[in-house]
Amino acid sequence: MRIRIVDAFTDRPFAGNPAGVLLLDAFPGDDRLQNIALEVNHAETAFAHPLPAGGEADWALRWFTPAAEVDLCGHATLATAHVLHSTGTHEGPVRFATRSGVLVATPAEDGSITLDFPTAPLTPVTLPDGVTEALGIEPLSAHDTGPHVGDLLLELPDEKSVHALRPDHRALGAHSSRGVIATARAENPALGYDFVSRCFFPNIGIDEDPVTGSAHTALAPFWAERLGRTTLTGLQASPRAGRVRTELRGERTLLGGRAVTVIEGELLA
């Protein structure tokens, strides 16, 4: 069983968000999938197997953190598409059957990949008690991001506030099913990004996620409304950092980025 570690939403190794990728003939039991994800110990490990020709999807795809299976994951989908294309296993757009419906990954000639994901529904909510204390700063607004993303989206006063966050992760976990997205407008869009974010997911075993594609299905509509443009670039300002191109198309959001395979080996267990 071949296993690869791929850095996603980056064009160089040791940056972006690492994901494990395993291409299988069929899915083994859930316990085995979870144990492999725990052993890989990255934010997500993706498991995929081919589907019969002629259906609505080409590959079945599932994602596991070290602690749980998740409904939606952008960076591990990008990593899986990168492996399929870079190894010649699949050519052209690939359709993945997932818990969040059919997701399409389309490669470009320059090596980038665009993901077609469902747009997260945003609902304004009252700031829950304790969030300001857990985050260390009072947000300007709070939004629920719907069942598939499962985060509390918090707008902060400025970019510096996002970079400076040192939250109480355990306390943040009490306020959403997955975690918290903290975001602010870019101070200097001339640097090539329109908004900045950081993502904290203590409820699925990830204190801070390096670069989160699924979060950008909520960030894209949030900032498109405020900035008056449907095509934007987000910088996720984790220690590894990465950029995500977003294009809002109503109920769908396109996420664009690159990926690099950094490790390839064999799973012996």
What is the minimum heavy-atom distance between Leu140 and Pro157, and which atoms define it?
CD1-CA, 3.7 Å
Does Phe201 form a side-chain contact (heavy atoms from CB on, under 4.5 Å) with Val70? I'd like the steps, not just the answer.
CA-CA 12 Å; Phe201 304 141; Val70 296; over 6 Å; no
Treating Asp151 as the side-chain partner and Gly179 as the backbone partner, does any N or O pair qualify as donor plus acceptor under 3.5 Å?
yes
Should Thr183 and Trp223 count as side-chain neighbours, where that means a heavy-atom distance under 4.5 Å?
yes
Can you tell me which residue pairs pass the salt bridge (charged side-chain N to carboxylate O under 4.0 Å, His left out) test with a partner in residues 184-196, sequence neighbours excluded?
Asp194-Arg229
Distance only, no hydrogens: is a donor on one side chain within 3.5 Å (strictly under) of an acceptor on the other, for Thr132 and Glu138?
no
Quick one, Val21 with Phe47, criterion side-chain contact (heavy atoms from CB on, under 4.5 Å). Give me CA distance, side-chain angles, the key distance, then yes/no.
CA-CA 6 Å; Val21 177; Phe47 302 91; over 6 Å; no
Considering residues at least two apart in sequence or located in another chain, which fulfil the ring-ring contact (aromatic ring centres under 6.0 Å, His included) criterion with His85?
none
Using the test salt bridge (Lys or Arg N to Asp or Glu O under 4.0 Å), find all partners of Asp144 that sit at least two apart in sequence or belong to another chain.
none
Identify every side-chain donor-acceptor pair in residues 262-269 under 3.5 Å, counting partners at least two apart or on other chains, and give the distances.
from: Glu264; atom 1: OE2; to: Arg2; atom 2: NH2; distance (Å): 3.4
from: Glu264; atom 1: OE2; to: Arg4; atom 2: NH2; distance (Å): 3.1

Verdict with reasoning, Met1 to Leu22, per side-chain contact (heavy atoms from CB on, under 4.5 Å)
CA-CA 7 Å; Met1 187 181 295; Leu22 292 93; 3.4 Å; yes
Is the shortest side-chain heavy-atom distance between Val104 and Leu115 below 4.5 Å?
no
Are Leu248 and Leu153 connected in a single hydrophobic cluster, I mean Ile/Leu/Val/Met/Phe/Trp/Tyr linked by side-chain heavy atoms less than 4.5 Å apart?
no
May I ask you to test the Ser197-His216 pair for a side-chain heavy-atom distance under 4.5 Å?
yes
If I compare all heavy atoms of Arg32 with all of Pro28, which pair ends up nearest, and what's the gap?
CD-CB, 4.0 Å
Any side-chain donor paired with an acceptor under 3.5 Å for Thr77 and Trp63?
yes
Taking Glu247 first and then Arg249, would you say they form a salt bridge - that is, a charged N and a carboxylate O separated by under 4.0 Å?
yes
Between Trp59 and Thr80, does any side-chain donor sit less than 3.5 Å from a side-chain acceptor?
no
Within the side chain of Asp207, is there an N or O that forms a donor-acceptor pair under 3.5 Å with the backbone of Pro202?
no
Any side-chain donor near an acceptor of the partner, Thr119 and Thr253, under 3.5 Å:
yes
Check against side-chain contact (heavy atoms from CB on, under 4.5 Å), Phe9 and Thr212:
CA-CA 9 Å; Phe9 291 115; Thr212 314; over 6 Å; no
Are the side chains of Glu155 and Arg226 in touch, meaning some heavy atoms are under 4.5 Å apart?
yes
Point-to-point distance, once rounded to the nearest 0.5 Å, from CG of Leu219 to SG of Cys199
6.5 Å
List the atom of Ser112, the atom of Arg245, and the distance in Å for their closest heavy-atom pair.
OG-NH2, 3.9 Å
Could you report the tightest heavy-atom contact between Phe96 and Ala105, atom names first, then the distance?
CE1-CB, 4.0 Å
Considering only Ile, Leu, Val, Met, Phe, Trp and Tyr, and joining two whenever side-chain heavy atoms are under 4.5 Å apart, list the other residues clustered with Leu165.
Val125, Leu127, Val131, Leu135, Ile137, Leu152, Leu154, Leu156, Val162, Leu172, Val180, Leu191, Tyr193, Val196, Phe200, Leu235
Between Ala37 and Thr45, the two heavy atoms sitting closest are CA-OG1, 3.8 Å
Check the hydrophobic clustering (I, L, V, M, F, W, Y; side-chain heavy atoms under 4.5 Å; chains of links allowed) and say if Leu72 and Ile204 are grouped together.
yes
Can you confirm whether Arg240 sits close enough to Asp7 that some side-chain heavy atom of one is under 4.5 Å from a side-chain heavy atom of the other?
yes
Flag the pair Leu255 / Thr217 as yes when at least one side-chain heavy-atom distance between them is below 4.5 Å, and no otherwise.
yes
Listed by chain and number, what are the ring-ring contact (aromatic ring centres under 6.0 Å, His included) partners of His49, not counting sequence neighbours?
Phe27
Please identify each residue that fulfils salt bridge (Lys or Arg N to Asp or Glu O under 4.0 Å) with Asp30, with sequence neighbours left out.
Arg62
Applying side chain to side chain contact (heavy atoms under 4.5 Å, CB included), name anything that partners Ala43, two or more places apart in sequence or on another chain.
Asn17, His75, Ile206, Asp209
Who clusters with Phe14? Use side-chain heavy atoms, under 4.5 angstrom, across I, L, V, M, F, W and Y, and order the result by chain and number.
none
Determine, using the 4.5 Å side-chain heavy-atom cutoff (strictly less than), whether Leu33 and Ile5 are members of one ILVMFWY cluster.
yes
The side-chain hydrogen bond (donor to acceptor under 3.5 Å, both in side chains) partners of Ser161 (sequence neighbours excluded) come to Asp158
Transitively linked via ILVMFWY side-chain contacts under 4.5 Å: Phe64 with Val40?
yes
Looking just at side-chain N and O atoms, do Arg178 and Thr145 make a donor-acceptor pair shorter than 3.5 Å?
no
Looking at Gln34 and Pro66, would you say the former's side chain and the latter's main chain have a donor-acceptor pair under 3.5 Å?
yes
Shortest non-hydrogen contact from Ala8 to Ala259?
CA-CB, 4.1 Å
Cluster check Leu23, Val260: I/L/V/M/F/W/Y, side chain < 4.5 angstrom
no
Can you confirm whether Ile113 sits close enough to Thr106 that some side-chain heavy atom of one is under 4.5 Å from a side-chain heavy atom of the other?
no
CG (Leu38) and CG (Asp31) are apart, to the nearest 0.5 Å, by 12.0 Å
ring-ring contact (aromatic ring centres under 6.0 Å, His included): which pairs involve residues 103-122, sequence neighbours left out?
none
Can you check whether Thr246 reaches Val244 side chain to side chain, under 4.5 Å on heavy atoms?
yes
What residue pairs, at least two apart or across chains, pass ring-ring contact (aromatic ring centres under 6.0 Å, His included) with a residue in residues 126-156?
His143-Phe222
When you measure from the side chain of Asp58 to the backbone of Pro50, do you find a donor-acceptor pair of N or O atoms at a distance under 3.5 Å?
no
First locate atom CG of Asp71, then atom SG of Cys73, and finally report the distance between them rounded to the nearest 0.5 Å.
11.5 Å
Using atom types as modelled and distance alone, determine if a side-chain donor or acceptor of Thr98 lies under 3.5 Å from a backbone N or O of Leu61.
no
Measuring from Glu208:CD to Ser238:OG, what's the distance to the nearest 0.5 Å?
5.5 Å
Note: Asp11-Arg258 ion pair, threshold 4.0 Å (strictly below)
no
Atom CG of Asn188 with >12 non-hydrogen neighbours under 6.0 angstrom
yes
